[in-house]
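Everything on this sheet refers to the single structure shown next.
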Amino acid sequence: MATPLLSPAPLQVDAIRADFPILNQANERGQRLVYLDSAASSQKPAVVIDAQANYYRHDNANIHRGVYALSERATTEYETARKRVAAFINAPDPDTCIFVRNTTEAINLVAYSWGRQHIQAGDLLVVTLLDHHSNLVPWQVLAETQGAELAYARVTAGGRLDEDHLGRLLDREPKLVAMPHVSNALGTIVDVARWTRRAQAAGATVLIDGAQSAPHLPVDVAAIGCDFFALSGHKLLAPMGSGVLWGKRDRLDAMPPFLTGGGMIRRVTVDGTTWAELPAKFEAGTPAVGEAIGLGVAVDYLTELGMDRVRSHERDLTDYALDRLQRLPGIQLYGPDDLDERAGVISFAVGEVHPHDVASILAEENVAVRAGHHCCQPLMRELDLVATTRASFSVYNDETDVDRLASAIERVIEVFA
Ligand code: PLP
């Protein structure tokens, strides 16, 4: 007999919230802070804040060079963080996880290093209109410098990738396909494993922007099969200035360095220089050691919660929020209807009220959301929008936060009636 599929055990949000000191604050009217802007940057649990502080308090030294205890401890912690990140995204080899500052830097690294090596005049690069500027502009610049063509896979009015259009672009055998795993503006989840297979079958190298997936879904880079995967620590409960580029070893081995200088060399003579092995080849200069250590602790925190449970929690919360918000008069919700294709991002409009006015009134109610184009101007244009208001969830949000959001939107409706 088939075993019934069980939902993972629910997250204990009250206990989780207590782990995040910043959430323990209220405004002058006594309203608890409701933080719904985790797609921009998540909050950090005390264990992450403490790990970074402990590094500075007890172990601060430059890594990989010193033979004294501080430097050895700092090196061990830094390399342990790399192993933790590798386990978190199921990277087969920790040395293929390169510490960078953020997703933007990771994508630029690939665009410069791999891109200038492989892209020639007349080649085709494919991105999507779901992409954040960070996964568009580096490819625009590469296309311009190399004389290549950049094509944008379109999206449907419902905020999904236009599969026919992307399929037709793959028929043209692009050299590169870069796409988001989850759209920061609409929450759309892209079936990146399927598109990676199709793009690679067409001869493309594939980069996945995982800035919005790694914090919210179980990520398995080996199962996705992509060539490169980028993520930002600061969206994933980790410190600002921490991020990772993962790449297949043969790809990274064959690429020239992005930045050059100390730390990434094997031997320097007046006649020339040879490069260090991975990961050092791509980590020029002194890295953000405390930030990387914090990232290692953050991924362990999420692993302990269980990424299946995180996804299940945020899916249920999204379901609740869509149901609650669509009952409000004059509200327009954007993004896919199918919860299996949608992460915890709710982009919306309240009648004709400008999204910045909506966000300002919500802020008066101590509900923090974002308004704007979300660094997705081409997507906004495609959907005939100027901006949206966006609420986005993390492990510390629950239905009471959605209720506060809904009440605050009711106030917007009242004010602008
Ligand atoms: N890609 C996506 C999908 C994002 O949402 C973001 C940030 O919002 C980025 C890339 C850029 O991230 P960062 O600013 O950390 O480089």
Side-chain angles (χ1 to χ4, degrees), residues 35-44 85 89 98-112 127-141 152-153 155 159-161 177-192 195 206-217 219 224 226 228-246 258 288 291-292 294-295 298-299 314 334-336 341-347 368-380 382 387-394:
Y35 187 77
L36 297 175
D37 198 18
S38 297
S41 205
S42 72
Q43 297 303 342
K44 329 296 177 200
V85 168
I89 59 171
I98 313 297
F99 282 128
V100 291
R101 279 183 307 147
N102 48 44
T103 300
T104 305
E105 187 176 312
I107 296 171
N108 273 277
L109 190 164
V110 178
Y112 275 83
V127 292
T128 81
L129 284 175
L130 277 181
D131 275 294
H132 186 280
H133 296 163
S134 291
N135 205 23
L136 294 178
V137 181
W139 306 116
Q140 282 179 341
V141 171
Y152 299 78
V155 293
R160 302 175 73 248
L161 270 186
V177 173
M179 55 170 54
H181 197 172
V182 171
S183 151
N184 63 305
L186 300 176
T188 314
I189 300 175
V190 177
D191 186 349
V192 285
W195 284 109
V206 176
L207 178 140
I208 304 299
D209 172 354
Q212 297 293 345
S213 63
H216 305 290
L217 317 174
V219 165
I224 295 170
C226 54
F228 300 105
F229 188 95
L231 65 86
S232 291
H234 69 93
K235 296 183 195 288
L236 199 159
L237 315 186
M240 300 287 191
S242 61
V244 174
L245 170 71
W246 172 80
F258 172 40
E291 285 72 6
L295 174 56
V299 299
E314 292 179 7
Y334 304 107
E341 294 184 30
R342 179 168 191 139
V345 173
I346 314 264
S347 246
V369 298
R370 182 145 302 236
H373 51 64
H374 314 297
C375 294
C376 289
Q377 288 181 350
L379 174 66
M380 294 288 132
E382 178 81 349
T388 70
T389 309
R390 180 189 71 186
S392 52
F393 304 133
S394 183

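As the structure lists them, so they are numbered: ligands from 1, and atoms in each ligand from 1. Residue indices begin at 1 and follow the sequence shown.
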Checklist entry - How would you list, by chain and number, every residue that makes a salt bridge (Lys or Arg N to Asp or Glu O under 4.0 Å) with Arg390, sequence neighbours excluded? => result Asp37

Checklist entry - Between the side chains of Ser134 and Thr104, does any donor sit under 3.5 Å from an acceptor? => result yes

Checklist entry - Going through the checks in order, is the side-chain hydrogen bond (donor to acceptor under 3.5 Å, both in side chains) test met by Asn135 and Trp139? => result CA-CA 7 Å; Asn135 205 23; Trp139 306 116; 2.9 Å; yes

Identify each donor-acceptor pair in which a side-chain atom of residues 232-239 lies under 3.5 Å from a protein atom, sequence neighbours left out, and give them as a table.
{"residue": "Ser232", "atom": "OG", "partner": "Thr103", "partner atom": "N", "Å": "2.9"}
{"residue": "Ser232", "atom": "OG", "partner": "Thr103", "partner atom": "OG1", "Å": "2.6"}
{"residue": "His234", "atom": "ND1", "partner": "Ser41", "partner atom": "OG", "Å": "2.8"}
{"residue": "Lys235", "atom": "NZ", "partner": "Ala39", "partner atom": "O", "Å": "2.9"}
{"residue": "Lys235", "atom": "NZ", "partner": "Ala40", "partner atom": "O", "Å": "3.1"}

Checklist entry - Residues in side-chain contact (heavy atoms from CB on, under 4.5 Å) with Cys226, at least two apart? => result Thr196, Val206, Ile208, Ile224, Phe229, Trp246

Name each N or O atom in ligand 1 that is under 3.5 Å from a protein N or O, and give the partner atom and the distance.
{"residue": "ligand 1", "atom": "1 (N)", "partner": "Asp209", "partner atom": "OD1", "Å": "3.3"}
{"residue": "ligand 1", "atom": "1 (N)", "partner": "Asp209", "partner atom": "OD2", "Å": "2.5"}
{"residue": "ligand 1", "atom": "5 (O)", "partner": "Gln212", "partner atom": "NE2", "Å": "2.6"}
{"residue": "ligand 1", "atom": "8 (O)", "partner": "His132", "partner atom": "NE2", "Å": "3.3"}
{"residue": "ligand 1", "atom": "8 (O)", "partner": "Lys235", "partner atom": "NZ", "Å": "2.5"}
{"residue": "ligand 1", "atom": "15 (O)", "partner": "Ser232", "partner atom": "OG", "Å": "2.6"}
{"residue": "ligand 1", "atom": "15 (O)", "partner": "His234", "partner atom": "NE2", "Å": "2.6"}
{"residue": "ligand 1", "atom": "16 (O)", "partner": "Thr103", "partner atom": "N", "Å": "3.4"}
{"residue": "ligand 1", "atom": "16 (O)", "partner": "Thr104", "partner atom": "N", "Å": "2.9"}
{"residue": "ligand 1", "atom": "16 (O)", "partner": "Thr104", "partner atom": "OG1", "Å": "2.5"}

Item to check | Atom of Val100, atom of Ala106 and distance for their closest heavy-atom approach | outcome: CG2-CB, 4.0 Å

